[in-house]
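Nothing fancy with the numbering, it's 1 onward along the sequence. Small disclaimer: the values here were computed from a predicted structure and weren't measured.
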Amino acid sequence: VLWSPSVATSRTLVLGLLALLWPPGRGEACSCLPTHPQQHFCRSAVVIRAKVTSEKIVTANEDPSNPNKLLRYELKRMKMFKGVEKVKEVRYVYTSVNTSLCGTRIAVNSKRQYFITGNVLNGGKIFINMCNYIQPWENVSMAQRQSLNHHYLFNCDCEVTICYSPTCNKSMRNQCLWTDWLLERKLYGNQAHHFFCKKNEDGSCKWQLVHHPNREEFVDVIEP
């Protein structure tokens with residue numbers, strides 16, 4: 001790729017964003033691209049709400065002498081938003097014990113619920129890492145909760161692309177430009193918490209504000 005001022009500026013913005021978003025103590029070899037919650041949902045095999053009841057270091061397979069270890073979290077599943085056709089039961093999720101290999105950590109708390117996205121590997125095991133979207137359920141906005149039940153799944157043909165500079169433009173008709181970082185200097189801002197990228201009948205996509213639930217829908221959004 002030839003060097004140009006615009007390329008250099010773009011690279012600088014990306015590196016600056018990653019540096020600001022980099023949590024202390026995470027491994028140097030692991031990095032994740034900023035991803036909108038809708039894209040997390042669409043790209044994940046499993047999306048659940050659950051309580052994390054315990055954690056245990058286990059071997060990567062049935063051989064107890066295997067030096068490769070995994071951190072296993074035991075879950076009490078509250079609801080499955082995606083993946084029921086891939087896994088019949090969600091009792092455990094696994095992650096690397098090494099943060100340098102993107103292993104992630106979740107506080108064990110029998111009362112707190114988490115929103116967890118993951119992928120299914122190795123005979124039906126669910127794996128999670130730092131690049132997955134994992135949030136305490138109380139941090140998931142009402143619009144996001146409603147989108148988990150309705151909007152995200154039906155709009156996975158849309159692509160959400162993060163915008164770092166005022167000059168960014170759509171390169172595809174099915175794109176929504178994600179401007180939270182550009183306008184608010186934070187990754188998960190207004191668009192992440194209150195909008196979804198909606199596919200139109202002509203195949204194009206645009207941002208759509210999630211409407212406030214009516215009285216009949218309200219309980220389902222709080223406890224979907």
Side-chain angles (χ1 to χ4, degrees), residues 21 32-52 75 77-88 90 93 104 106 112-121 126-163 170-184 186-214 216-224:
L21 295 174
C32 306
L33 292 174
T35 305
H36 188 274
Q38 180 171 332
Q39 294 292 86
H40 274 294
F41 181 96
C42 293
R43 294 172 181 174
S44 299
V46 174
V47 180
I48 58 175
R49 175 167 62 95
K51 294 179 180 180
V52 180
L75 304 181
R77 191 187 78 184
M78 309 303 293
K79 177 153 185 177
M80 197 163 193
F81 300 100
K82 185 181 179 184
V84 66
E85 74 285 353
K86 296 182 182 295
V87 288
K88 295 181 180 179
V90 181
V93 293
T104 191
I106 307 177
R112 169 170 272 184
Q113 299 178 31
Y114 287 90
F115 172 59
I116 300 172
T117 66
N119 292 294
V120 181
L121 301 171
I126 301 173
F127 281 81
I128 59 175
N129 57 51
M130 287 183 184
C131 298
N132 289 118
Y133 194 63
I134 301 171
Q135 292 286 330
W137 184 247
E138 64 264 27
N139 292 349
V140 179
S141 71
M142 298 295 285
Q144 288 173 328
R145 298 182 190 191
Q146 189 173 354
S147 295
L148 288 171
N149 284 321
H150 304 287
H151 307 305
Y152 289 164
L153 179 63
F154 300 111
N155 292 282
C156 283
D157 288 337
C158 295
E159 289 289 329
V160 179
T161 303
I162 192 167
C163 184
K170 284 188 176 183
S171 59
M172 299 180 294
R173 295 180 71 248
N174 68 332
Q175 268 185 327
C176 288
L177 295 179
W178 182 19
T179 58
D180 280 347
W181 173 254
L182 179 64
L183 299 178
E184 303 179 48
K186 60 182 180 181
L187 190 57
Y188 296 115
N190 189 49
Q191 283 180 332
H193 285 114
H194 303 292
F195 287 78
F196 69 98
C197 186
K198 180 181 179 181
K199 184 177 181 180
N200 299 316
E201 292 184 0
D202 63 0
S204 64
C205 294
K206 67 176 183 179
W207 288 113
Q208 177 70 46
L209 178 67
V210 179
H211 72 85
H212 293 289
N214 58 38
E216 288 75 19
E217 295 173 315
F218 187 73
V219 173
D220 187 58
V221 171
I222 297 175
E223 293 293 341

Taking every heavy atom of Phe196 against every heavy atom of Asn155, the minimum-distance pair comes out as CE1-ND2, 3.6 Å

So, Asp202 side chain and Ser204 main chain: donor-acceptor pair closer than 3.5 Å or not?
yes

Set of residues satisfying salt bridge (charged side-chain N to carboxylate O under 4.0 Å, His left out) with respect to Arg43, sequence neighbours excluded
Glu159

Can you find a pair of side-chain heavy atoms, one from Ile116 and one from Ile126, that are under 4.5 Å apart?
no

Quick check against the 3.5 Å criterion: does Lys170 have a side-chain atom that pairs as donor or acceptor with the backbone of Gln175?
yes

Could you measure the distance from the NZ atom of Lys206 to the SG atom of Cys158? Nearest 0.5 Å is fine.
11.0 Å

Trace of the side chain to side chain contact (heavy atoms under 4.5 Å, CB included) decision for Met80 with Val87
CA-CA 10 Å; Met80 197 163 193; Val87 288; 3.3 Å; yes

Given side chain to side chain contact (heavy atoms under 4.5 Å, CB included), test Tyr188 with Asp180 step by step and report yes or no.
CA-CA 7 Å; Tyr188 296 115; Asp180 280 347; 5.6 Å; no

NE2/His193 to CD/Gln144 distance, rounded to the nearest 0.5 angstrom?
5.0 Å

Of all residues at least two apart in sequence or in a different chain, which pass the side-chain hydrogen bond (donor to acceptor under 3.5 Å, both in side chains) check with Glu201?
none

Can you name the side-chain hydrogen bond (donor to acceptor under 3.5 Å, both in side chains) partners of Gln191, sequence neighbours left out?
Thr179

Say whether, by atom type as modelled, one donor and one acceptor occur between the side chain of Lys82 and the main chain of Leu148 under 3.5 angstrom.
no

Kindly write out the residues that satisfy side chain to side chain contact (heavy atoms under 4.5 Å, CB included) with Glu85, not counting sequence neighbours, or none if the list is empty.
none

What pairs with Asn139 under side-chain hydrogen bond (donor to acceptor under 3.5 Å, both in side chains), at least two apart in sequence or on another chain?
none

Heavy atoms of Gln39 and Thr35 approach each other most closely as CB-CG2, 3.4 Å

Looking only at heavy atoms, which two atoms of Val47 and Phe115 are closest? And how far apart?
CG1-CE1, 3.2 Å

Set of residues satisfying side-chain hydrogen bond (donor to acceptor under 3.5 Å, both in side chains) with respect to Asn190, sequence neighbours excluded
none

Please enumerate all residues that pass ring pair (Phe, Tyr, Trp, His ring centres under 6.0 Å) together with Tyr114, with sequence neighbours excluded.
none

Separation between SG of Cys176 and NZ of Lys198, rounded to the nearest 0.5 Å:
11.5 Å

Between NZ on residue Lys51 and CZ on residue Arg77, distance to nearest 0.5 Å:
14.5 Å

For the residue pair Lys79 and Asn149, establish whether any side-chain heavy-atom pair is separated by less than 4.5 Å.
yes

For residues His151 and Gln38, determine if any side-chain heavy atom of one lies less than 4.5 Å from a side-chain heavy atom of the other.
no

Heavy-atom distance under 4.5 Å between the side chains of Trp137 and Arg145, does that happen here?
yes

Sequence neighbours excluded, which residues qualify as side chain to side chain contact (heavy atoms under 4.5 Å, CB included) partners of Asn132?
Ser44, Thr117, Asn119, Ile128, Asn129, Ile134

In sequence, state the C-alpha distance, the side-chain angles, and the governing distance for Leu187 and Trp178, and then conclude on side chain to side chain contact (heavy atoms under 4.5 Å, CB included).
CA-CA 9 Å; Leu187 190 57; Trp178 182 19; 3.6 Å; yes

Which residues pass the ring pair (Phe, Tyr, Trp, His ring centres under 6.0 Å) test with Phe41, sequence neighbours left out?
Tyr152

Return the set of residues passing ring pair (Phe, Tyr, Trp, His ring centres under 6.0 Å) with Phe127 (not counting sequence neighbours), or none when no residue passes.
Tyr94

Contact check, side chains of His36 and Ile162, non-hydrogen atoms, under 4.5 Å
no

Where Glu138 and Gln113 come nearest, the two heavy atoms and their spacing:
OE1-O, 4.2 Å

Could you tell me which residues satisfy salt bridge (charged side-chain N to carboxylate O under 4.0 Å, His left out) with Lys199, sequence neighbours excluded, listed by chain and number?
Asp157

Rounded to the nearest 0.5 Å, the CG atom of Asn174 sits from the SG atom of Cys156 at a distance of 12.0 Å

In Å, rounded to the nearest 0.5 Å, how long is the span from CE of Met78 to CZ of Arg49?
5.5 Å

